[in-house]
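Data block below; observations after.
What you are looking at is a predicted structure, and each value in this text was computed from that prediction instead of being measured.
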Amino acid sequence: MKKIKTSSLFASLLLLIGMSSCAQNNRDIKTTKGIAVLELFTSEGCSSCPPADELLGKIQNENKDGQVYVLSYHVDYWDRQGWKDIFSNPDYTKRQYDYAKWLGKEPIYTPQVIVNGKKDYIGSDETAVRNAIKNALSKPAAAELALEATPVNNKLNVKYNVNGISKNSLLLLALVQKSAKSNVKRGENANRILSQYQIVKQLQSIALKNNGSGTSTIAAPKDFSARDFEVIGFVQDVNSGAILGAARAGNH
């Protein structure tokens with residue numbers, strides 16, 4: 001009869017236990033999908049911007065329910081060049097300056113698109129933008145975000161839950177108008193009808209508590225409809241500008 005050494009048997013048992021534990025742990029790990037948040041800084045008064053607006057609109061249509069999120073901020077510094085953009089907001093100019101600080105890139109310009117808060121591109125450079133999206137989606141997001149929006153009396157109640165927050169994280173909620181057309185009568189785009197996509201109408205920031213859950217209220221515009229608007233949320237590191245996670249709100 002062949003004898004089995006006790007030490008060998010013990011080592012084999014430990015190996016089996018370790019393999020079983022490792023397999024169990026792997027089953028418990030949930031991989032967060034990659035995201036690509038595209039923030040376009042644009043203006044109706046900029047003649048270089050319409051091709052970028054069209055490109056981002058095309059990308060949006062290709063990814064309506066995917067992990068790509070398009071946000072168009074209309075800055076106000078073009079308003080003094082002959083045409084006041086009806087969607088412009090000084091807060092979005094300030095946000096672009098925040099990115100200039102985070103990325104160490106000045107001066108600011110349009111059309112500028114920033115992907116996941118980490119790198120900027122000329123908004124009309126389709127090859128560069130699509131490669132940036134592909135690269136962003138290949139890496140798992142650092143945070144997981146779930147949103148649910150409920151219209152109540154000209155307001156939107158947005159429930160949120162974030163997993164993977166840090167002390168430097170903020171949740172930003174953007175109320176987005178999916179599309180619009182503008183008849184521009186003066187400035188660099190005089191006598192053109194411009195198509196706009198994913199126009200940010202409101203942007204609010206929320207300090208995340210320890211459990212990462214809560215409810216926030218957004219005032220709904222008069223022309224609000226669930227078909228024409230959506231809420232996009234994203235978690236951002238306020239020290240680096242990096243976007244850690246993002247989601248669209250489901251309508252309740």
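A donor-acceptor contact shorter than 3.5 Å links the side chain of Q198 to the backbone of V70. Panel note: side chain T110, backbone Q112; no donor-acceptor pair is recorded below 3.5 Å. Judged purely by atom type and a 3.5 angstrom limit, W102 uses its side chain to pair as donor or acceptor with the backbone of V238. Judged purely by atom type and a 3.5 angstrom limit, T93 uses its side chain to pair as donor or acceptor with the backbone of D76. Looking at D125, its side chain does come within 3.5 Å of a backbone N or O of A128 through a donor-acceptor pair. Looking at D91, its side chain never comes within 3.5 Å of a backbone N or O of L203 through a donor-acceptor pair.
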Would you tabulate the side-chain donor-acceptor contacts of residues 155-163 under 3.5 Å, counting partners in other chains and residues two or more places apart, or write 'none'?
{"from": "N157", "atom 1": "OD1", "to": "T217", "atom 2": "OG1", "distance (Å)": "3.3"}
{"from": "N161", "atom 1": "OD1", "to": "S213", "atom 2": "OG", "distance (Å)": "2.4"}

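Qualifying ring pair (Phe, Tyr, Trp, His ring centres under 6.0 Å) partners for Y121, counting only residues two or more places apart in sequence or in other chains: none.
Under 3.5 Å, the side chains of Y73 and Q96 contain no donor-acceptor pair of N or O atoms. A donor and an acceptor atom, one from each side chain of T42 and D53, are located under 3.5 Å apart.
Heavy-atom contacts from other residues, nucleotides or ligands closer than 6.0 Å to CG of N211 number more than 12.
The two residues F87 and A180 have their closest heavy-atom pair at CZ-CB, 3.8 Å.
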